[in-house]
Colleague: 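Just dropping this structure here.
Along the sequence shown, the residues carry numbers beginning at 1.
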Amino acid sequence: MKKVAVLTSGGDAPAMNAAIRAITLSCNYHQLQCVGFYHGYNGLIDDQCAEIEHFDVNPTLQQGGTILKSARCQAMLTSEGVMQACNTLRKHEIDALIVIGGDGSLKGLQAIKQHWEKQVIGLPGTIDNDLSGTDCTIGFATAVTTATHAIDKIRDTANAFERIFIVEVMGRHSGHIAFNVGIATGAEAIISFENFSADQAQQKVAELLRAIDQQQNTHGSFLIVLAENLWPGGAQALKESLSEQGKVDCAICILGHIQRGGSPVPEDRNLGTELGLASIDAILAGKDNVMIGRAAGEVVATPLDQVINTAKPVSAHWVSAHQRQLTHYLK
């Protein structure tokens, strides 16, 4: 073992830099060369790389984003792109490749493994928290904290004007952010993949109107946390439905990419550091084709195929907890 490569792929997540830093410092400790590929898989295909030294990563622990940059890569969906990525790894005599990213990134890593003979290790870097094999993904805690702080501020102005707010949060096709943020902020309603489908739109609007009417009788604000990519037509369509059917005027706030930026919270810094160190330990122990995560307080290695093909839904306990809260407003 002489040379380890690392790249970050897909949507950036806070504390990716913490993982890169830990990988680099661990390589230095074990006298391994650490090579970083820039711009995700695009940099691997286009051969954009540089050796990473300890002085490159020392000041990065508190920085959001990723010093290696990131990108989506359509070329990795083709056999030609995958083969070119493998050729680049062979050209630089890479002994092991670590990819930090979400499920799409891990699928790309799995495709490389089919044509490359060396070790591959995945790290769960996504704010969506939708990867099995780990209790939390790198970046999730920071995204929840950022969204919670933003909604707390929205609640202040909502209370001042006794307004109804629809706040859309990220998560792609997962409700982990929506439920964690909704419960943390005491949202009167959470609409996510776990408790809504498109054919229930009319029913959900009627339910919301009943709850809003009950809450406004007590002269309070009403907060609806909505998962992105869920409601047909988005937050604006939900606002229009509430206005047309109940003469309810709503304000909309789409938090968007603010949830992906900013300095990572300590929980994410520690997770990124722990998993980064564990990835080098796994490589030196001969592990291959796995994702390194943290489950039930322990570092675990889960086969990539299992991670990619196993769903990670929001806990039924969280869904039930919020439903009991919403029932209070429907009495």
Colleague: Here's a test for you: under side-chain hydrogen bond (donor to acceptor under 3.5 Å, both in side chains), which of Thr134, Asp103, Asn129, Asp128 qualifies with Lys312?
Modeller: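 Testing each of Thr134, Asp103, Asn129, Asp128 against Lys312, the sole residue satisfying side-chain hydrogen bond (donor to acceptor under 3.5 Å, both in side chains) is Asn129.
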
Colleague: Report the residues that fulfil side chain to side chain donor-acceptor pair (under 3.5 Å) with Glu274, sequence neighbours left out, ordered by chain and then residue number.
Modeller: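 Per chain and number, Glu274 pairs via side chain to side chain donor-acceptor pair (under 3.5 Å) with Arg294.
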
Colleague: To the nearest 0.5 Å, what is the distance between CD1 (Ile177) and CD1 (Ile127)?
Modeller: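 Interatomic distance, Ile177 CD1 to Ile127 CD1, rounded to 0.5 Å: 4.0 Å.
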
Colleague: Around Lys69, counting heavy atoms of other residues, nucleotides and ligands shown, do more than 12 lie under 6.0 Å from its NZ?
Modeller: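 Counting neighbours around NZ of Lys69, 12 or fewer heavy atoms of other residues, nucleotides or ligands fall under 6.0 Å, so no.
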
Colleague: Other residues, nucleotides and ligands only: do more than 12 of their heavy atoms fall within 6.0 Å of CD on Glu267?
Modeller: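 Not buried by this count: 12 neighbours or fewer within 6.0 Å.
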
Colleague: Apply the side chain to side chain contact (heavy atoms under 4.5 Å, CB included) test between Gln110 and each candidate in Ile308, Val120, Val99; give the one that qualifies.
Modeller: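 That would be Ile308; it is the only one of Ile308, Val120, Val99 passing the side chain to side chain contact (heavy atoms under 4.5 Å, CB included) with Gln110.
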
Colleague: Check the side chains of Gln203 and Glu207 for a donor-acceptor pair under 3.5 angstrom, ignoring hydrogens and angles.
Modeller: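 Gln203 and Glu207 do not have a side-chain donor-acceptor pair below 3.5 Å.
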
Colleague: According to the interplanar angle, ranging from 0 to 90°, do the rings of Phe196 and Trp231 count as parallel (below 30°), tilted (30 to 60°) or perpendicular (above 60°)?
Modeller: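 Rings of Phe196 and Trp231: parallel, as their planes differ by under 30°.
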
Colleague: Determine whether a donor-acceptor pair (N or O, by modelled atom type, separation under 3.5 Å) exists between the side chain of Thr157 and the backbone of Lys153.
Modeller: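 No, because the side chain of Thr157 does not come within donor-acceptor range (under 3.5 Å) of the backbone of Lys153.
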
Colleague: Going from NZ on Lys3 to CG on Leu89, what distance comes out if it is rounded to the nearest 0.5 angstrom?
Modeller: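 If we round to the nearest 0.5 Å, Lys3:NZ and Leu89:CG are 11.0 Å apart.
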
Colleague: Could you work out, with salt bridge (charged side-chain N to carboxylate O under 4.0 Å, His left out) as the rule, every residue matching Lys247, not counting sequence neighbours?
Modeller: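 Expected list: none.
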
Colleague: Quick check for you: to the nearest 0.5 Å, what is the distance between Ile138 atom CD1 and Leu275 atom CG?
Modeller: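 If I round to the nearest 0.5 Å, the distance is 5.0 Å.
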
Colleague: Apply the side chain to side chain contact (heavy atoms under 4.5 Å, CB included) test between Phe165 and each candidate in Ile154, Ile252, Ile151; give the one that qualifies.
Modeller: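 Looking at Ile154, Ile252, Ile151, the match for Phe165 under the side chain to side chain contact (heavy atoms under 4.5 Å, CB included) is Ile154.
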
Colleague: Is it true that Arg155 and Ser221 share a donor-acceptor pair across their side chains at a distance under 3.5 Å?
Modeller: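 Arg155 and Ser221 do have a side-chain donor-acceptor pair below 3.5 Å.
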
Colleague: If you measure only the distance, is there a donor-acceptor pair under 3.5 Å linking the side chains of Thr142 and Arg269?
Modeller: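 Short answer, no.
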
Colleague: Around Gln31, counting heavy atoms of other residues, nucleotides and ligands shown, do more than 12 lie under 6.0 Å from its CD?
Modeller: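 Counting other residues, nucleotides and ligands, CD of Gln31 stays at 12 neighbours or fewer.
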
Colleague: Report the distance from atom CD1 of Ile121 to atom CD1 of Ile292, rounding to the nearest 0.5 Å.
Modeller: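 These two atoms lie 5.0 Å from each other.
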
Colleague: Please check: side-chain N/O of Thr8 versus main-chain N/O of Thr66, any donor-acceptor pairing under 3.5 Å?
Modeller: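 No.
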
Colleague: Can you tell me if Gln245 has over 12 outside heavy atoms packed within less than 6.0 Å of its CD?
Modeller: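 Counting other residues, nucleotides and ligands, CD of Gln245 exceeds 12 neighbours.
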
Colleague: Listed by chain and number, what are the side chain to side chain contact (heavy atoms under 4.5 Å, CB included) partners of Ala111, not counting sequence neighbours?
Modeller: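 Side chain to side chain contact (heavy atoms under 4.5 Å, CB included) list for Ala111, sorted by chain: Val82.
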
